> 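Let me give you the structure first, and then I'll get to my questions.
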Amino acid sequence: MATQKKLTLHKGIPVINDAFVLLVKTEWNAPIVDALEKGCIKILEKNGICFKVINVPGAIEIPFAIQQHFDFTVNIPDAYIALGTVIRGDTPHFDYVCKYVTEGILELNMSIDKPVIYGVLTVENEQQAIERIGGIHGHKGEEAAITAIKMIDLNRKIQSQQFEFDIKQETKY
């Protein structure tokens, strides 16, 4: 969902120690994806988060690279961030790519114990992408990094059983 610059996401960023994030970015639409990456790195560095970047040819390859990295690396990150831009063209290719990368990232979030952050722009045209890398719709690269930090904190709390639920509170529908 597109957001105007009224972001509450930038509030309440937790301080976390010894975190490592892997950014997996596409080669397609490089100027836009590079801007997403730059925004991510700005936030990660500002918050003292270590990171590494790997490149894949296109958006469909992002879930494969993340799964392979998770399965075969000795240095599993605390979160993955998928970065890409898919711009609609004249063929249904756009629909297939968006569907497969979205489903792939969802499947990873359901199957591995590390968050995979969706930083893939799926836009009608280049102008919409530009509006999402520092324009009227904020900076989706920065937002992806903030989301990663918040999810690392939440995941660590849940896995260490430090996350408490108020079971006495009644929910009214």
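Computed from a predicted structure; not experimentally measured.
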> Hydrophobic clusters here meaning ILVMFWY residues chained together by side-chain heavy-atom distances under 4.5 Å, can you tell me if Ile54 and Ile117 are in one?
no
> Cluster question for you: counting only ILVMFWY and a side-chain heavy-atom cut-off of under 4.5 Å, with indirect links fine, are Val21 and Ile62 together?
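In one cluster: no.
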> Would you say Val86 ends up clustered with Leu108 if hydrophobic residues are merged whenever their side chains have heavy atoms under 4.5 Å apart, either directly or through other cluster members?
yes
> How far does CG of Leu44 sit from CD of Glu142, to the nearest 0.5 angstrom?
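These two atoms lie 10.5 Å from each other.
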> Flag yes if more than 12 heavy atoms outside Glu126 fall under 6.0 Å of its CD atom; otherwise flag no.
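No, because the 6.0 Å sphere around CD of Glu126 holds 12 heavy atoms or fewer from other groups.
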> To the nearest 0.5 Å, tell me how far Ile87 CD1 sits from Glu124 CD.
10.5 Å
> Taking the side chain as everything from C-beta on, heavy atoms only, tell me whether Gln67 gets closer than 4.5 Å to Ser111.
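Sidechains of Ser111 and Gln67: in contact.
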> Does some side-chain heavy atom of Thr26 sit less than 4.5 Å from a side-chain heavy atom of Glu61?
no
> Does some side-chain heavy atom of Asp113 sit less than 4.5 Å from a side-chain heavy atom of Phe70?
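They are in contact (side-chain heavy atoms under 4.5 Å apart), so the answer is yes.
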> Side chains of Leu121 and Asn29: does their closest heavy-atom pair fall under 4.5 Å?
no
> Is there side-chain contact between Val101 and Ile105, with heavy atoms separated by less than 4.5 Å?
yes
> Kindly compute the distance separating CZ (Arg132) from OG1 (Thr122), expressed to the nearest 0.5 Å.
8.5 Å
> Can you name the nearest heavy-atom pair linking Trp28 to Val33, along with the distance?
O-CG2, 3.4 Å
> Provide the closest heavy-atom pair for Ile81 versus Ala145 in the form atom of the first, atom of the second, distance.
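Where Ile81 meets Ala145 most closely, the heavy atoms are CD1-CA, 3.9 Å.
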> What pair of heavy atoms forms the shortest contact from Phe51 to Phe20, and how long is it?
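For Phe51 versus Phe20, the nearest heavy atoms are C-CE1, 3.8 Å.
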> Do Lys150 and Leu154 make a side-chain contact, defined as non-hydrogen atoms from C-beta onward lying under 4.5 Å apart?
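No, side chains not in contact.
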> Out of curiosity, Leu22 CG to Cys50 SG, how far, rounded to the nearest 0.5 Å?
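Leu22 atom CG to Cys50 atom SG measures 12.5 Å (nearest 0.5 Å).
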> Could you tell me whether Asp34 and Lys38 make a salt bridge, using a distance below 4.0 angstrom between a side-chain N and a carboxylate O?
no
> Please say yes or no: joined through hydrophobic side-chain contacts below 4.5 Å, possibly via intermediate residues, are Val53 and Ile49 part of one cluster?
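Yes.
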> Please report the closest heavy-atom contact between Cys40 and Ala144, naming both atoms and the distance.
SG-CB, 4.2 Å
> Within this structure, what is the CZ-CD1 distance for the pair Arg156 and Ile152, rounded to the nearest 0.5 Å?
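Nearest 0.5 Å value for the CZ-CD1 distance: 6.5 Å.
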> Do His69 and Pro77 have side chains that get closer than 4.5 Å, going by heavy atoms?
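Contact flag for His69/Pro77 side chains = yes.
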> I'd like to know whether Ile112 forms a side chain to side chain contact (heavy atoms under 4.5 Å, CB included) with Ile76, so could you lay out the CA-CA distance, the side-chain angles of the two residues, the decisive distance to 0.1 Å, and finally the verdict.
CA-CA 11 Å; Ile112 67 175; Ile76 295 176; over 6 Å; no
> Let me know which of Ile43, Asp78, Val15 forms a side chain to side chain contact (heavy atoms under 4.5 Å, CB included) with Ile149.
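Only one of Ile43, Asp78, Val15 forms a side chain to side chain contact (heavy atoms under 4.5 Å, CB included) with Ile149, namely Ile43.
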> Given the rule that I, L, V, M, F, W and Y join up when any side-chain heavy atoms are under 4.5 Å apart, are Tyr80 and Ile41 in one cluster?
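No; Ile41 is not reachable from Tyr80 via cluster members.
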> Counting only heavy atoms not in Asp71, do more than 12 sit closer than 6.0 Å to its CG atom?
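Yes, the 6.0 Å shell around CG holds more than 12 heavy atoms from other groups.
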> Tell me if a side-chain donor or acceptor on Asn55 pairs with a main-chain N or O of Glu27 at a distance below 3.5 Å.
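No, Asn55 side chain to Glu27 backbone: no donor-acceptor pair under 3.5 Å.
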> Measuring only between side-chain heavy atoms, which start at C-beta, is Leu36 closer than 4.5 Å to Lys25?
no
> Search all heavy atoms of Leu83 against all heavy atoms of Val120 and return the closest pair with its distance.
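Taking Leu83 first and Val120 second, the nearest heavy atoms are C-CG2, 4.4 Å.
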> Quick check: does any side chain N or O of Asn125 sit under 3.5 Å from a backbone N or O of Gln127, one acting as donor and the other as acceptor?
yes
> Supply the atom-to-atom distance Asp153 CG to Ile16 CD1, rounded to the nearest 0.5 angstrom.
6.5 Å
> Gly134 and His139: which non-hydrogen atoms are nearest, and at how many Å?
N-CD2, 3.6 Å
